[in-house]
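In what follows, a single structure is set out as structure tokens and then discussed.
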There are 2 protein chains.
Amino acid sequence: MDTLPRYAVPTPRTGTAALGARRGSGSDTAPETPGGLLARKLGNFVDLSDQEREVLDDLVRQHRQYGPREHLSLENGHSRSVSLILEGSACRYKILPDGRRQILTLFIPGDLCGRCLPDLDLGDESIVTLTAATVAVIPRQAFAPIIESYPRVARALAWNAMVEEGVHREWIVNIGQRTGYERIAHLFCELFHRLAAVGLTQGLRCELPLTQGELADALGLSAVHINRTVQQLRSDGLICLRGRELTILDFAALQSAAMFDGQYLHLSQAARRIEAGTMRTYPDL
Amino acid sequence: MDTLPRYAVPTPRTGTAALGARRGSGSDTAPETPGGLLARKLGNFVDLSDQEREVLDDLVRQHRQYGPREHLSLENGHSRSVSLILEGSACRYKILPDGRRQILTLFIPGDLCGRCLPDLDLGDESIVTLTAATVAVIPRQAFAPIIESYPRVARALAWNAMVEEGVHREWIVNIGQRTGYERIAHLFCELFHRLAAVGLTQGLRCELPLTQGELADALGLSAVHINRTVQQLRSDGLICLRGRELTILDFAALQSAAMFDGQYLHLSQAARRIEAGTMRTYPDL
DNA sequence: CGGTTTTTTGACGATGTTCAACTCTTGTGG
DNA sequence: CCACAAGAGTTGAACATCGTCAAAAAACCG
């Protein structure tokens, strides 16, 4: 913690461009169609054919999209539908009887909230949006014919769910073993990788879809401690966080401070994109 | 924490009977056949027919059982087989580069280690036994014909996996939000419910398949702190823990201290058994 | 611009860790 | 059956991490 490489803090003031708000506005090759977002996500697991992509695109297009961009609660308990996030972000959480809240999952564009398979009663878990969001609400039964006819898509959907589980297990490691400093760094790494995978990063900049209070609920820390530790990360020259705009100043140092190994995300595409594209944008780091 | 009901500590010295070692030795209706263990587990989700039970029994019988009772490492990364625990216990864990270890999942008799569906590369996760154990190693492909022919069994297997996920999410809540005292209490509640569901409890007594050091790795605490907090639980009259033998002295108080709600375990049978049978064994509490 | 949310700060206390030593139990081999 | 070694549990003291409370400053939104 104390032996991390330190840098002067340049706090690059690049103006407060709305990150991730506009589709395809300078972000790295964002998909054009809503369904393309889902296709891109599943493309991490299977190379989809044009036909398969089209089927997914139709699926999303055919189902009503709440919009444009409002805060809403995406069901709790067992719902009969799955929500695909098109814009914005959401989270799954659980609340203890005395009010303590734990955020369990973060959903970003391209993520499916809920299972495509018949689900168990999820008890006291709920899903709400963290920011204004656009979602496509797809009844679960709409997946059935696709799963029937396109086994590769079915496999990709199953793998997608397994990756979500893998993320949960990594969160257990994160909260259980890492210090506050490492935890925050790790979450930032994870989020950046995932955002990069759906083209919602610009260079080493992205939108952080959480307030510090929500970060606290996700990482099992208090909001005050989050604040102080974020300042630590800043003064160590690892990140620049102002409002919702997160800039990673030293990706290598951040990842090593977090002991981050993105393997569990299974984001083949993102990894390549970050290494080959984004990283090179800041060759001096 | 400090406002818990307190009781005198009777430390019942009932002799050190080997708990859970012998099948059907006084434990509440233990199953007779190895496959019956799996059938009982899946029976939590679906009412199985005799034929379905028999198929599961055959599956387990046909595949080699390591035995009798040795310590072993049940694969790491992606293996092509699934291990059914028949006796003893195991855990899945992950190790950070600097040696910190987080236990992710506890496996007790009747649990399947690994997925029946084609799995992703699990990266750096490993499974080892915590105690001497007997397991049936079932190649994943052996499930295929059963899943094909018995959709109800397939559904139960899928639900079983989903419950495992639910447990993971509850662990995130546990480690993220609860204090050490509450965490330990919660794990004890969870374990007792699960052991009761496979008939490995006697009254309010069961075998705790973890050392205090392993408890620490599972709960994100240090071994020393586990020790001190367990003593707290003892002096509060909630439990009696000597060696591997755990006796719950005040189930209601333990559950309320842990804010435990067993719904996430989906152990319909166990819940009923504990309430109707075990709880009544100690009517004075 | 006014009100609300979010971020920041300080002081203090609680929770949890580390290190090191010691005891107790358990299992093993002579 | 005992002696021994290894592992597990226990203890104390010093310390680090993290939480709570309360208030102020800053950013955000209509």
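Proteins come first, then strands; the chains are lettered A, B, ... in the order of their sequence lines, and each starts at number 1. Heavy-atom basis, side chains included; hydrogens, waters and symmetry copies ignored.
A donor-acceptor contact under 3.5 angstrom links the side chains of A:His193 and A:Gln255, judged on distance only. Looking only at atom types and distance, the side chain of B:Tyr264 has no donor-acceptor partner in the side chain of A:Asp124 under 3.5 Å away.
Contacts of A:Thr211 with the nucleic acid, taken as non-hydrogen atoms under 4.0 Å apart, involve only primed sugar atoms and P, OP1 or OP2.
Between A:Glu164 and B:Arg169 there is no salt bridge, since no side-chain nitrogen of the basic residue lies less than 4.0 Å from a carboxylate oxygen of the acidic one. Using a cut-off of 4.0 Å between Lys/Arg side-chain N and Asp/Glu carboxylate O, B:Arg100 and B:Asp98 are scored as salt-bridged.
Comparing A:Gly243 and A:Ala223 by the nucleotide of DNA chain D whose heavy atom lies nearest to each, the residue mapping closer to the 5' end is A:Ala223.
Dashed line: the shortest gap from a side-chain N or O of B:Asn227 to OP1 or OP2 of D:dG9 is not under 4.0 Å. Residue A:Gln231 places at least one side-chain N or O under 4.0 Å from the OP1 or OP2 atom of C:dT9.
In the set C:dT9, C:dT18, C:dT7, C:dT9 carries the atom at the smallest distance from any side-chain atom of A:Val224. The A:Leu221 side chain lies nearest to D:dG19 when the options are C:dT8, C:dG16, D:dG19.
Atom C1' of nucleotide C:dT9 and atom CD of A:Gln232 are separated by 15 Å, given to the nearest angstrom. Remark: P of C:dT7 and CD of A:Gln212 are 4 Å apart, rounded to the nearest angstrom. Between the P atom of C:dT5 and the CG atom of A:Asp217 lies a distance of 16 Å, rounded to the nearest Å. Rounded to a whole Å, the CG atom of B:Leu130 is 16 Å from the P atom of D:dG7. Remark: P of D:dT10 and CZ of B:Arg242 are 11 Å apart, rounded to the nearest angstrom. At whole-Å resolution of the value, CD in A:Glu245 and P in D:dA26 are 20 Å apart. Atom CZ in A:Arg234 sits roughly 10 Å away from atom P in C:dT7 (whole-Å rounding). We find that NE2 of B:His225 is positioned 13 Å from C1' of D:dA16, with the value rounded to whole Å.
Within the 4.5 Å cutoff, the side chain of A:Val173 has heavy atoms near those of the B:Leu104 side chain.
Side chain B:Arg228 to base D:dG9: no donor-acceptor pair is found below 3.5 Å.
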